[in-house]
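One structure below.
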Number of protein chains: 2
Amino acid sequence: MATANRPCVEGGHVCGIDISMEVIGGKWKVLILWALHEHPRRRFGELRRLVPGITEKVLASHLREMEADGIVDRVAYDEVPPRVEYGLTKDGMRLNDALEPLAAWGRERRQSA
Amino acid sequence: MATANRPCVEGGHVCGIDISMEVIGGKWKVLILWALHEHPRRRFGELRRLVPGITEKVLASHLREMEADGIVDRVAYDEVPPRVEYGLTKDGMRLNDALEPLAAWGRERRQSA
DNA sequence: CGGTATCCACCTTGATACTG
DNA sequence: CAGTATCAAGGTGGATACCG
């Protein structure tokens with residue numbers, strides 16, 4: 001995303017949530033992140049199937065943003081037909097871990113709903 | 001937000017992140033949540049000051065959505081001039097707790113940047 | 001004070017077609 | 001296979017003015 005947002009300052013200390021939200025803000029980002037966590041080293045086409053409903057364009061642009069944000073790494077093999085593999089960086093994995101409590105909150109909520 | 005999203009199913013189990021993202025998806029939601037966590041029981045005008053840059057309309061609509069999602073509670077006192085106080089529900093506090101690791105991730109990232 | 005009412009600009013997402 | 005190009009649509013957020 002890389003768009004600077006107003007810092008989130010409360011009572012003199014910076015909360016950091018704003019940064020995280022910029023990185024996972026897209027509609028599909030967390031889904032891609034999750035898919036890559038569950039299925040490491042995935043190819044573009046596989047990823048598209050793992051995130052049902054996403055279009056090629058949106059998947060491509062989100063992957064590019066996530067790469068720029070340093071949470072996804074992309075490896076292109078010089079073959080015919082072309083092959084590209086996506087995976088999580090260390091930072092991407094840590095982000096996924098940081099997302100887990102949030103996922104748990106969502107799951108609980110689904111129960112009670 | 002309350003808009004139903006495609007469930008996020010990976011390897012047969014539901015990840016729950018999608019639910020959470022619907023709830024905190026708005027541009028300002030986490031900031032409001034954070035502000036209410038740092039400053040419990042806040043009035044509309046105070047809240048507006050605590051979240052710099054937000055407009056009345058957006059603050060009002062976000063508060064309403066968060067109320068509908070059960071993470072914010074609103075108490076209107078029948079006085080003149082009118083007074084309304086907002087606070088976090090139990091669920092809202094748990095959501096805030098679940099957000100903390102994400103905030104920590106963002107803070108670390110700000111360091112290294 | 002605590003909001004609504006309008007109106008609008010932008011951005012994200014999406015459908016479809018095409019290419020190295 | 002792994003994208004890009006183009007165009008369209010819709011929703012989110014924002015500016016401003018006004019109300020009980």
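Here is the naming used below: chain letters follow the sequence lines, and residue numbers restart at 1 for every chain.
Atom CD1 of A/Ile54 is separated from atom C1' of D/dA2 by 14 Å (rounded to the nearest Å). Taking atom CD of residue A/Glu22 and atom P of nucleotide C/dT12, one finds them 12 Å apart after rounding to whole Å. The distance from atom CG of B/Leu63 to atom P of C/dG2 is 11 Å, rounded to the nearest whole Å. Distance NZ (A/Lys29) to C1' (C/dC11): 13 Å, rounded to an integer number of Å. For the pair A/Lys27 NZ and C/dT13 P, the computed distance is 7 Å after rounding to whole Å. Atom CD in A/Glu56 sits about 7 Å away from atom C1' in D/dG3, given to the nearest Å. Spacing between atom CG of B/Leu47 and atom P of C/dG3 amounts to 10 Å, rounded to whole angstrom units. Per the geometry, CG belonging to B/Leu59 stands 11 Å off P belonging to C/dG2, to the nearest Å.
In this model, the phosphate group of D/dA2 is not approached by any side-chain N or O of A/Arg64 to a distance below 4.0 Å at OP1 or OP2. Phosphate contact (OP1/OP2 of C/dT13, side-chain N/O of A/His62, threshold under 4.0 Å): present. Between B/Arg43 and C/dC1 there is no side-chain polar atom (N or O) within less than 4.0 angstrom of OP1 or OP2.
In this structure, the side chains of A/Val72 and A/Thr89 stay at 4.5 Å or more apart for every pair of heavy atoms.
Within residues 77-87 of chain B, the residues approaching DNA chain C are B/Pro81, B/Pro82, B/Arg83, B/Val84, B/Tyr86, by heavy-atom distance under 4.0 Å.
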Problem set entry | salt bridge (Lys or Arg N to Asp or Glu O under 4.0 Å) assessment of B/Asp97 paired with B/Arg94 | CA-CA 5 Å; B/Asp97 293 344; B/Arg94 291 195 310 109; over 6 Å; no
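Under the side chain to side chain contact (heavy atoms under 4.5 Å, CB included) criterion, B/Ala68 pairs with no residue, sequence neighbours left out.
Here A/Asp18 pairs with B/Arg110 in a salt bridge; the nearest charged N to carboxylate O distance falls below 4.0 Å. Looking at B/Lys27 and A/Glu22, no side-chain N of the basic residue comes within less than 4.0 Å of a carboxylate O on the acidic one, giving no salt bridge. The pair B/Arg48-B/Glu46 fails the salt-bridge criterion, with no side-chain N (NZ, NE, NH1 or NH2) lying under 4.0 Å from an Asp/Glu carboxylate O.
Among D/dG13, D/dT4, C/dG14, the nucleotide with an atom closest to any side-chain atom of A/Ala60 is D/dT4. The side chain of B/Arg74 lies closest to C/dG3, out of D/dA2, D/dA5, C/dG3.
Note on B/Arg48: nothing from the nucleic acid sits closer than 4.0 angstrom, heavy atoms only.
Cluster partners of A/Tyr77, by chain and number: A/Val75. The rule joins Ile, Leu, Val, Met, Phe, Trp and Tyr whenever side-chain heavy atoms lie under 4.5 Å apart.
With DNA chain C read from its 5' end, the first of the two nearest nucleotides for B/Arg49 and B/Ser61 is the one closest to B/Arg49.
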